[in-house]
Structure formats: C-alpha cells, structure tokens
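Below you'll find the structure, written out as structure tokens, and then a few comments.
Keep in mind that what you see is a predicted model, and the values were worked out from it rather than measured. Order of appearance sets the numbers: ligands from 1, and atoms from 1 within every ligand.
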Amino acid sequence: MTDAAVKHESDIDVDTIGRIPRPLSLFIIALAIAASLIAVFWISQQLSITGELRRSADRMSLYRSTLVSALEEHQHLPFILSWDPLVIDAALGADPSQLNARLDSFADEASIDAIYLMDRSGLTIAASNWDEPRTFVGNNYGFRPYFKQALSGQRGTFFAIGATTQEPGFFIAEPIHGPSGNIIGVIALKVDLTSLTRAWREGGETLLAVDQRGIVILASNPDWTYKTLLPLTAQARAEIEAERQFGSEPLTPLDFSGENEFRARVDGLRYIQTVRDVGHLGWKLHYLAPLNRVNAQAWLWVVVAAALLLMVSVGMLLARSRRIRSALFASQAERRGLQVINRKLADEIEERKAAERRLEKAQKELQQVSKLAALGQLSASVTHELGQPIAAMRNYLAAADLPGNTINGDARELVTHLNGITARMEHITRQLRFFAHREAENLVTFDLRDAVQSAITMMRADLDVRSIDLSVTTPQHPVQVHGDAFRIEQVLVNLIRNATDAVAQVSQPRISIDLGQDGDEAYIRVLDNGDGLSADAQTMAAEPFFSTKPSGSGMGLGLAISAAILKDHDGKIGFSNNADRGACFVMTLPLASLSQ
Ligand code: ADP
C-alpha cells in the first residue's frame with residue numbers, strides 16, 4: 001500500500017509537471033529561434049530593399065529632373081543671343097564693350113557662369129567676365145568640341161573642366177550667322193553644376209552622374225569626381241586629352257562594381273542602386289542607397305522579433321512555472337494526504353501487533369489458567385481421597401503410641417518413623433489444598449488488616465518453631481478490598497510460607513509484613529532477609545512448576561496460583577530482591593471504594 005502510494009506520487013510529478021527539457025530539446029529550440037530570426041532578417045531585408053528601390057525611384061526622378069532642367073534651362077539662350085545685333089556686330093568686328101556689359105548683365109540675371117563670344121578661330125572677343133582676372137576674353141577655345149559643333153552649324157553641348165577657370169561646367173554653344181548667312185562666330189555659355197552636387201551632398205544623398213565614357217562628372221562625394229567606372233580606351237583618353245575636357249585630372253578608376261542592376265559597391269560600401277539615362281547626352285545618373293541602412297532596418301525588425309519572442313518565451317515560462325507550482329502544490333497536498341493515510345496505517349499496524357501480542361498473552365494465560373484449573377481439580381480430588389486415610393493412619397498411630405501400649409524397641413521406632421511420614425503426607429495434602437480451586441467464590445468487601453492477621457495466625461506455629469522475628473505494619477484505618485477473602489489469605493499464607501522457607505538457614509531470621517494503600521490501590525509487602533531470588537527466579541518465579549526447592553518441599557505452583565488469584569481480583573503480584581538482602585514480594589489490589 002505504501003509502495004503503491006509512493007508510485008502514485010511519482011506518477012503525479014511526471015503527469016502534471018511535464019518533461020524537463022533536455023539539452024537536445026534546448027538545442028532544437030535555440031535552432032528554431034535562430035532560424036526564425038534569420039527568416040525575419042531576410043524577409044525584412046527584402047521588404048526594405050523593395051521599399052528602398054521604390055523610394056530610390058522617386059528620389060531618382062526628382063534628381064534626374066533637376067539635373068535635366070539645369071542642363072536644358074539655358075539651352076535656347078545662345079540661340080537667342082546669336083540673333084542679337086550687338087552679338088552679330090561684335091562678331092563682325094565692332095567694339096565689344098557694349099556687348100561685354102550686356103553679356104555680364106545677362107549672366108548675372110540668369111545666374112549663368114559665363115557667356116562669351118568667339119570668332120571663327122575660337123578666340124574669345126567678348127565675355128560676361130570681361131572685367132574679371134580670369135576672363136575668357138583673349139583665350140582661344142577652338143579645340144573644344146562644342147565650338148566645333150557650333151561652327152559646323154549645330155548646337156554644341158559639352159561638359160568639361162574650365163580651361164581658364166579650372167571649374168567644371170556645362171557648355172552650350174550656337175553658331176552666329178552673318179548677314180550673308182555664313183557663320184561668323186560662336187556664342188557660348190557655361191552653366192555651373194556644382195550647386196547641384198552641393199545640394200545632393202547637403203541632402204545626405206549619394207548620387208553620381210557619369211558621361212557616355214563612364215567618367216564621373218558630378219558626384220555627391222567630391223572624391224569620386226573625375227574617376228572612371230569603366231576602363232578608358234587609349235583613343236578615348238587621347239580625345240579627352242585633345243579636348244582638354246578634364247584638365248589635368250588623371251581619370252583614375254573608381255573603386256566601383258555594379259554587382260547587378262540594383263546593387264553596387266563603391267569604396268567597399270554596398271549600395272542599392274538605381275540608374276537612369278539623362279537626356280540625350282548619353283549620361284547616366286546613379287542613385288545609391290546604402291545597404292547598411294536597409295540592413296539596419298532589417299536588424300531593427302530582428303530586435304523587435306527577438307523582443308517579442310523573448311516576451312512570449314517569458315510569458316510561456318511564467319505560465320509553465322505557474323503550472324509547475326500548482327502541480328507541486330497539488331502533489332504536496334496529495335503527499336500530505338498520503339502521509340496521513342500512511343501514519344494511520346502504521347498506527348493500525350501497531351495496534352494490530354499490540355492486539356496480537358495481547359492475544360498471544362491471553363492465550364498463554366488461558367493455557368496457564370486451564371492448566372491450573374485442571375491442577376486445582378486434581379488437587380481437590382487427591383486432597384479429598386487422601387485426607388481420610390491419612391487421618392485414620394494418624395489416629396491408629398496415635399493410639400499405638402499411647403502410654404499404656406506395650407510396644408517397644410523396633411515397633412516404637414517404626415511408629416515414630418510412620419508418624420514422620422504421615423506428617424509429611426499431611427504437609428503435601430495441605431499444599432495440594434491450596435491449589436484446589438474453589439468452586440463457588442464468596443465475594444465480599446473485607447478489611448485486608450483481617451486477612452493479614454488470619455494469615456499470620458495460620459503461619460504462627462511455623463514462625464515460632466523457627467524463631468522468626470516478624471514485624472507487621474498495618475494502618476489504623478481499615479483497608480477495604482472486594483473479593484474472596486479466603487483466597488486472598490491463601491496468597492498471603494503462600495508469601496509468608498515462602499519467606500519462612502527463605503530464611504530457614506539465616507541466623508537471625510526476620511520477616512516484615514507491611515500493609516498500606518497508595519492512591520486507589522492497597523498493597524501488602526512481604527520482606528525477608530533470606531538469600532533473595534536466584535537469577536532465574538527473578539524472571540521465572542511466577543511460572544508454573546518453577547521451583548528451586550528440593551523435591552517434596554515445593555511444587556513450583558505457589559506464586560503462579562497467587563498471581564492467578566490476584567488477577568481474578570484485578571490485582572497483581574511483583575517481586576524483586578531487597579537492596580541489602582532477601583526478597584520483597586508485593587501484592588496489590590484495587591481499593592473497594594473505587595472498584596465497586
Ligand atoms: P515453591 O515454593 O513450591 O517452590 P513458588 O511458586 O511458591 O513455588 O515459588 C517458586 C520459587 O520462587 C521458589 O522455588 C523460590 O526459588 C522462589 N521464591 C519464592 N519466594 C522466595 C523468597 N521469599 N525468597 C527467595 N526465593 C523465593
């Protein structure tokens with residue numbers, strides 16, 4: 001039952017608390033978390049890239065249109081100016097001073113870097129910056145492609161670093177036709193585009209404009225300007241040289257790789273790129289969005305997801321620990337219940353054992369009682385049967401021993417011998433009478449002082465013969481008990497006889513009888529100064545047939561029967577040796593007032 005209880009208890013633990021995660025499960029959970037975080041990163045990165053591309057497209061349209069409008073804003077101005085009489089006159093050789101002033105005011109008005117007039121050889125004859133130290137006047141730009149294009153009758157456009165100012169700009173040129181329709185010169189203007197790149201930079205954007213040869217002509221990062229995205233052919237390099245397009249710039253390659261249509265790496269940094277053509281010039285505008293911005297967003301989502309996961313995990317852990325706690329409480333309560341049941345069970349087992357012990361004792365006692373009862377019956381019949389012949393024998397012997405009888409010698413000796421045998425037989429029958437069980441008990445309330453006196457009276461002769469010093473202590477008041485007075489006297493007589501036997505060899509034999517009461521019990525102590533109880537007798541004196549006396553003197557039944565009589569009266573007998581010498585026997589009985 002206890003085992004079953006324990007098993008049941010352990011079952012509760014397993015069922016209600018659940019399995020404890022093992023390292024493998026923890027590893028799988030960690031793997032799943034890592035995989036989901038990677039998935040979150042990837043998905044959010046893809047979403048960010050898509051968003052960034054959309055944003056890039058919007059930004060690209062804006063920057064492309066500003067660039068195009070910057071390039072085209074003034075494209076018609078040279079054409080208009082080519083029809084200006086002042087321009088034509090100056091081209092024909094008139095004094096350019098008035099034109100200089102007009103070009104100056106036009107340039108100011110339109111925020112144009114420079115407007116200038118060249119003759120057919122490319123020599124500048126009038127310019128808006130005529131009065132500035134680095135004026136174009138007097139310089140020959142016949143080598144510039146825009147001049148050549150204009151001279152051939154077309155509009156010329158060109159991006160270049162200024163040969164005079166060393167500042168980049170976009171050149172637009174138109175031919176000037178003379179009165180006869182022939183080309184008499186070229187009017188050109190230079191638009192400064194650096195404000196554009198400044199705006200890009202200040203807007204925190206990354207852009208670069210690349211010409212048809214792959215040379216960066218405008219860039220938000222000044223370090224990238226005049227670097228090449230594609231390797232330059234020797235011919236292209238020679239042309240650039242001849243046109244002096246980029247002055248003394250070495251045109252080194254930019255650390256650029258267009259990984260695919262949408263990805264690029266510049267100076268080791270990765271970008272999402274959007275590329276668009278710019279007008280008819282063959283230029284391309286690259287809008288670059290740093291990938292780390294996208295990654296930062298993706299990481300942000302990872303952190304958010306991780307935080308959510310953490311919160312969910314903490315929530316689950318809390319729920320789990322709550323579940324475990326309640327399961328523990330339940331199991332503890334159940335364990336307590338089981339403990340109570342176990343305790344009760346143990347008590348019951350103990351009680352049962354005690355009952356078994358009592359039963360065993362009762363059975364032994366029953367055996368003893370039945371033995372004693374049988375012995376009592378036997379004793380009664382033997383006493384009865386032998387009583388008459390022994391009495392007759394005694395009478396015959398007494399008659400033979402009368403003084404008038406003439407028996408002498410051997411016959412007298414025989415009579416004396418037979419007298420001794422008869423006395424011994426009487427002694428034995430007297431003992432047997434003590435064992436005889438009385439059929440009908442006469443239960444009365446009597447004073448133990450009387451019982452003590454009558455027992456002493458019965459034993460008086462023996463005590464006197466052996467010169468035993470007897471001291472009796474009894475209280476002044478009666479000590480009433482209820483029971484069979486005769487049998488209680490029998491017990492007392494037996495104790496006194498045993499004491500008498502015990503002091504037989506003592507030089508100053510002494511017996512004391514002490515009657516008293518203690519609480520609701522009466523007691524009678526019989527002490528002697530004999531040799532005391534032997535080691536065996538200390539434990540077995542009250543066992544039937546235990547005797548240390550010689551055969552014929554003792555049958556070993558006196559104390560057993562005394563104990564049985566006292567038990568019948570709800571009393572008991574105890575014995576031990578005295579501290580100095582001799583034995584002490586104590587019989588106790590319940591006082592009548594309480595037992596009735
Ligand atoms: P019996 O007297 O026939 O031997 P009992 O039952 O009366 O039988 O006594 C049993 C034994 O107890 C005795 O043989 C003796 O050894 C011991 N005994 C009893 N009374 C005394 C005593 N007063 N002093 C010493 N031993 C005693």
Side chains of [X] and [Y]: closer than 4.5 Å at any heavy-atom pair?
{"X": "Phe585", "Y": "Ile524", "result": "no"}
{"X": "Leu515", "Y": "Tyr523", "result": "no"}
{"X": "Gln508", "Y": "Asp469", "result": "no"}
{"X": "Leu495", "Y": "Ile573", "result": "yes"}

Per-atom contacts, ligand 1 versus [X] - under 4.0 Å to a heavy atom:
{"X": "Gly558", "answer": "5 (P), 6 (O), 7 (O), 8 (O)"}
{"X": "Leu557", "answer": "6 (O), 8 (O)"}
{"X": "Ala499", "answer": "23 (N)"}
{"X": "Ala502", "answer": "22 (C), 23 (N), 24 (N)"}
{"X": "Ala541", "answer": "6 (O), 10 (C), 12 (O)"}

Do any nitrogen or oxygen atoms of [X] come within less than 3.5 Å of a nitrogen or oxygen of ligand 1?
{"X": "Gly556", "value": "yes"}
{"X": "Phe585", "value": "no"}
{"X": "Leu533", "value": "no"}

> Does Arg510 come within less than 4.0 Å of Asp528, counting only side-chain N to carboxylate O?
Replying inline: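 Result for this pair is no, no salt bridge flagged.
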>> Can you tell whether the side chains of Glu52 and Arg59 come within less than 4.0 Å, N to carboxylate O?
In response: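 Salt bridge absent between Glu52 and Arg59.
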> Any heavy atom of Gly532 sitting closer than 4.0 Å to ligand 1?
Replying inline: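 It does, in that a heavy atom of Gly532 comes within the 4.0 Å cut-off of ligand 1.
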>> Tell me whether the rings of Phe41 and Trp299 are parallel (<30°), tilted (30 to 60°) or perpendicular (>60°).
In response: tilted
> Considering Leu559, Asn529, Asn578, which one's heavy-atom position lies nearest to atom 6 (O) of ligand 1?
Replying inline: Leu559
> Counting heavy atoms only, which of Asn498, Asn577, Asn494 comes nearest to atom 19 (C) of ligand 1?
Replying inline: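 Considering heavy atoms of Asn498, Asn577, Asn494, the nearest to atom 19 (C) of ligand 1 sits in Asn498.
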> Thr500 and Asp462: side-chain donor and acceptor closer than 3.5 Å?
Replying inline: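 Thr500 vs Asp462: no donor-acceptor pair found between side chains.
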